[in-house]
Novice: 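One structure, pasted below without further comment.
So you know, we letter chains A, B, ... as the sequences are listed, proteins then strands, and number each from 1. Just the heavy atoms: all of them, side chains too, but no hydrogens, waters or symmetry mates, feed the values below.
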Protein chains: 2
Amino acid sequence: MNLRDLRYVLAVAEHGHFGHAAEACGISQPTLSVQVRKLEEILGIALFERTSKTVVPTDACERLISHVRAAVAEADAILAVARSLRNPLAGRLRLGIIPTLAPYLLPLVFAPLREALPLLEVEPWEDQTLALLERLRTHDLDGALLATEVDAPDLASRPLFAEPFLAALPPDHRLAARAEVAEGELAEDILVLADGHCLRDQTLAACGRSGALGSAMRATSLSTLLNMVAAGYGTTLIPGLAAGTAQDAGIVLRPLAARTDRTIRIAWRAHFPRRAAVEAVGNVVASRLKGFAAGASMGTI
Amino acid sequence: MNLRDLRYVLAVAEHGHFGHAAEACGISQPTLSVQVRKLEEILGIALFERTSKTVVPTDACERLISHVRAAVAEADAILAVARSLRNPLAGRLRLGIIPTLAPYLLPLVFAPLREALPLLEVEPWEDQTLALLERLRTHDLDGALLATEVDAPDLASRPLFAEPFLAALPPDHRLAARAEVAEGELAEDILVLADGHCLRDQTLAACGRSGALGSAMRATSLSTLLNMVAAGYGTTLIPGLAAGTAQDAGIVLRPLAARTDRTIRIAWRAHFPRRAAVEAVGNVVASRLKGFAAGASMGTI
DNA sequence: GGGGAGGATAGACGGTATCTATGGAGACTG
DNA sequence: CAGTCTCCATAGATACCGTCTATCCTCCCC
């Protein structure tokens with residue numbers, strides 16, 4: 001049984017005339033006759049009572065036709081919905097973002113995304129790198145904004161922009177008097193985030209610390225970390241996009257001597273069919289943050 | 001777009017594996033791959049994200065799949081309903097019956113019809129001959145029990161049994177003393193039904209009256225006519241099946257000298273697809289009334 | 001790096017939907 | 001009452017498409 005034949009049946013029932021129905025279906029009258037006859041044989045019942053002048057649906061046809069209509073309507077719905085889904089730059093895109101980036105980047109890119117991709121519903125999801133990669137693999141996310149290289153055969157990624165690190169110091173810290181701070185100088189009283197945050201590893205690497213921190217406190221969020229620095233517990237590195245927040249908290253920021261930074265990338269499954277949407281989001285983000293590393297390292301975004 | 005392909009999509013979505021889905025569909029894996037790919041091209045969207053290890057429905061597929069399920073379910077419903085309608089001896093059969101026959105025949109054949117054709121729902125419809133023929137032509141009836149010849153190219157008919165006429169007399173009528181009555185002797189004070197009843201024309205023809213009856217009363221039903229005869233207003237001819245009712249009304253019945261009768265026929269549209277059902281009903285009726293003309297002319301049915 | 005699993009591709013084959021041309025039944029008309 | 005018209009059915013040819021087997025490519029694992 002074929003959807004095409006079901007449409008033929010509806011046409012014959014509607015027109016009560018094989019010739020007119022055939023024309024409406026865009027086929028020849030013999031074709032219509034043959035196909036309807038064939039369907040009648042498949043179903044084992046007569047659908048129409050034909051005379052030389054009239055074509056009338058049988059009782060059986062009346063009983064069936066609601067199902068026929070429903071089947072054809074569902075088929076049409078499939079086509080209609082598919083058409084509405086055809087634009088890769090429309091629909092939902094679940095985008096993971098690491099916690100040290102999300103609160104500072106999202107306010108910047110929300111409006112540009114809405115403007116450039118009005119039909120794309122970007123659903124942000126905040127979690128640490130490993131969790132995001134896992135969710136990418138399980139199809140719970142479609143893309144992810146990360147600050148690390150992505151080295152996996154099933155995933156692909158593209159760099160979007162470089163985000164410089166800044167030294168974050170209590171106002172009365174001895175280094176606060178400097179115009180810039182060498183990365184290694186922060187090692188002594190460095191504060192870092194909890195395990196799992198890529199920023200933690202990057203901060204330690206930049207300062208030349210191996211990772212053994214003893215009983216040093218580990219903040220669970222960058223916001224907490226900033227408060228700890230502001231309270232004089234120590235120093236840290238912060239990503240450039242958090243500069244505004246840090247300054248608001250009363251923290252002194254200084255550029256780093258080696259201009260250490262991290263590269264923000266967008267990642268997706270290698271076989272993700274709507275790669276175009278991911279790329280488009282990446283383009284908007286990159287475009288919004290263009291020149292950030294050069295001109296905005298002091299917090300003027 | 002094809003229902004078959006929709007079933008393929010459901011299979012792939014269910015199994016998450018082209019090979020297993022192909023096996024479930026009874027086709028080869030390459031065929032399934034090609035067909036799904038083709039459907040994706042028709043719809044203009046990717047339905048599955050394939051890697052060497054996993055096959056996962058896309059977001060678009062999730063949005064479509066309810067419609068796919070519905071379409072397939074309706075198609076299955078069509079097949080199931082068609083199967084249940086396949087027996088021509090099952091389902092509704094709208095059967096017209098003329099008023100001078102219905103009240104006397106139906107009680108006789110109801111039980112035999114139920115027994116012989118338990119799945120057939122015979123829906124009786126009582127009206128005069130012309131109305132029944134009209135309703136046959138408009139497909140409002142599927143068959144009709146008539147007492148006249150059916151001479152129309154679009155209709156067919158078959159005789160079922162002969163129903164003898166009987167002279168119906170008031171008990172004190174001069175002819176009531178006879179063992180039998182010649183048809184012509186009734187002409188003088190004959191009472192007849194209203195226009196449109198075939199029994200009216202047959203009665204007049206049997207008595208040799210041309211039809212000009214002057215102010216003679218025209219009963220609107222056979223029941224009324226019998227009451228009029230019983231009250232002594234005149235005589236009439238009644239069909240044999242009404243004998244019991246007539247005698248209950250206190251009427252004297254006598255056989256006719258020439259054994260005049262009428263032939264009860266079943267009629268249907270020449271192209272009616274369930275002719276088998278009509279024939280079956282005809283057989284039951286004919287079988288129930290077999291030998292009626294010969295042995296039951298005195299009312300012993 | 002060799003083997004295995006799984007999906008994609010290629011080429012051949014067969015079924016079937018479609019066409020045009022024609023047949024045949026029934027109804028209207030001059 | 002024959003001619004004609006309408007309309008559905010049939011016949012035969014053709015082209016498309018769904019399906020198969022055989023093979024390739026990719027990825028993963030040992």
Novice: Output yes when A:R94 and B:D59 qualify as a salt bridge under the 4.0 Å nitrogen-oxygen rule, no when they do not.
Specialist: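 Salt bridge between A:R94 and B:D59, a charged N being under 4.0 Å from a carboxylate O: yes.
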Novice: Within residues 7-21 of chain B, which residues have any heavy atom lying less than 4.0 Å from an atom of DNA chain D?
Specialist: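 Here the set is B:Y8.
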Novice: When the distance from CD1 of B:I42 to C1' of D:dG18 is rounded to whole Å, what number comes out?
Specialist: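 Rounding to the nearest Å, CD1 of B:I42 and C1' of D:dG18 are 12 Å apart.
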Novice: All N/O contacts under 3.5 Å from nucleotides 20-30 of chain C to the protein, with atom names and distances to one decimal?
Specialist:
residue	atom	partner	partner atom	Å
C:dG26	O4'	A:S52	OG	3.4

Novice: Under 4.0 Å between a side-chain N or O of A:S33 and OP1 or OP2 of D:dA9?
Specialist: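 Answer yes for this pair, as a side-chain N or O of A:S33 is under 4.0 Å from OP1 or OP2.
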Novice: Tell me, please, which residues at least two apart from B:K38 pass side chain to side chain contact (heavy atoms under 4.5 Å, CB included).
Specialist: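 For B:K38 the side chain to side chain contact (heavy atoms under 4.5 Å, CB included) partners, ignoring immediate neighbours, are B:V34, B:Q35.
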Novice: Using whole Å, report how far CD of B:E23 lies from C1' of D:dC20.
Specialist: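 About 16 Å, once rounded to whole Å.
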Novice: Can we say B:E123 and B:R135 salt-bridge, meaning some charged N sits less than 4.0 Å from an Asp/Glu carboxylate O?
Specialist: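 Result for this pair is no, no salt bridge flagged.
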Novice: Whole angstroms only, please: what is the CG-C1' distance between B:L32 and D:dC20?
Specialist: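 My rounded result for the distance is 14 Å.
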Novice: Counting N and O atoms only, with roles assigned by atom type, does the side chain of A:E279 sit under 3.5 Å from a partner on the main chain of A:R158, one being a donor and the other an acceptor?
Specialist: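 No; zero donor-acceptor contacts below 3.5 Å.
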Novice: Separation of A:E49 atom CD from D:dA9 atom P, in whole Å?
Specialist: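 Result: 12 Å.
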Novice: How long is the line joining CG of B:L47 and P of C:dG7, in whole Å?
Specialist: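 Rounding to the nearest Å, CG of B:L47 and P of C:dG7 are 15 Å apart.
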Novice: Carefully, step by step, assess B:D154 and A:T51 under the rule side chain to side chain contact (heavy atoms under 4.5 Å, CB included).
Specialist: CA-CA 8 Å; B:D154 58 336; A:T51 69; 5.9 Å; no
Novice: Identify whether the distance between the nearest side-chain nitrogen and carboxylate oxygen of B:D76 and B:R7 falls below 4.0 Å.
Specialist: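 Judged by the 4.0 Å cut-off on N to carboxylate O distance, B:D76 and B:R7 do form a salt bridge.
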Novice: Can a side chain N or O of A:R37 be found less than 4.0 Å away from OP1 or OP2 on D:dA9?
Specialist: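 Yes, because at least one side-chain N or O of A:R37 sits under 4.0 Å from OP1 or OP2 of D:dA9.
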Novice: Can you tell me which nucleotide in C:dA8, D:dG18, C:dT18 comes closest to the side chain of A:V34?
Specialist: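 Closest nucleotide among those given: C:dT18.
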Novice: Salt bridge or not for B:D195 and B:R200, using N-O below 4.0 Å?
Specialist: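 The answer is yes: the pair qualifies as a salt bridge.
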Novice: Are A:E149 and A:R265 close enough for a salt bridge, meaning some N to O gap below 4.0 Å?
Specialist: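 Yes, A:E149 and A:R265 are salt-bridged.
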Novice: Ignoring backbone atoms, establish whether B:K38 has a side-chain N or O less than 4.0 Å from OP1 or OP2 of D:dC17.
Specialist: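 Answer no for this pair, as no side-chain N or O of B:K38 is under 4.0 Å from OP1 or OP2.
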Novice: Could you state the atom-to-atom distance from CZ of A:R4 to C1' of C:dT18 in whole Å?
Specialist: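 A:R4 atom CZ is separated from C:dT18 atom C1' by 9 Å.
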Novice: Find the distance B:R50:CZ to D:dC27:P and express it as a whole number of Å.
Specialist: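 Interatomic distance, CZ of B:R50 to P of D:dC27: 15 Å.
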Novice: To the nearest Å, how far apart are A:Q35 CD and D:dT10 P?
Specialist: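 Computing the A:Q35:CD to D:dT10:P distance gives 14 Å.
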Novice: Kindly say whether B:L155 contributes a backbone atom to a donor-acceptor pair with the side chain of B:R137 at under 3.5 angstrom?
Specialist: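 Pair absent, no side-chain N/O of B:R137 close to backbone of B:L155.
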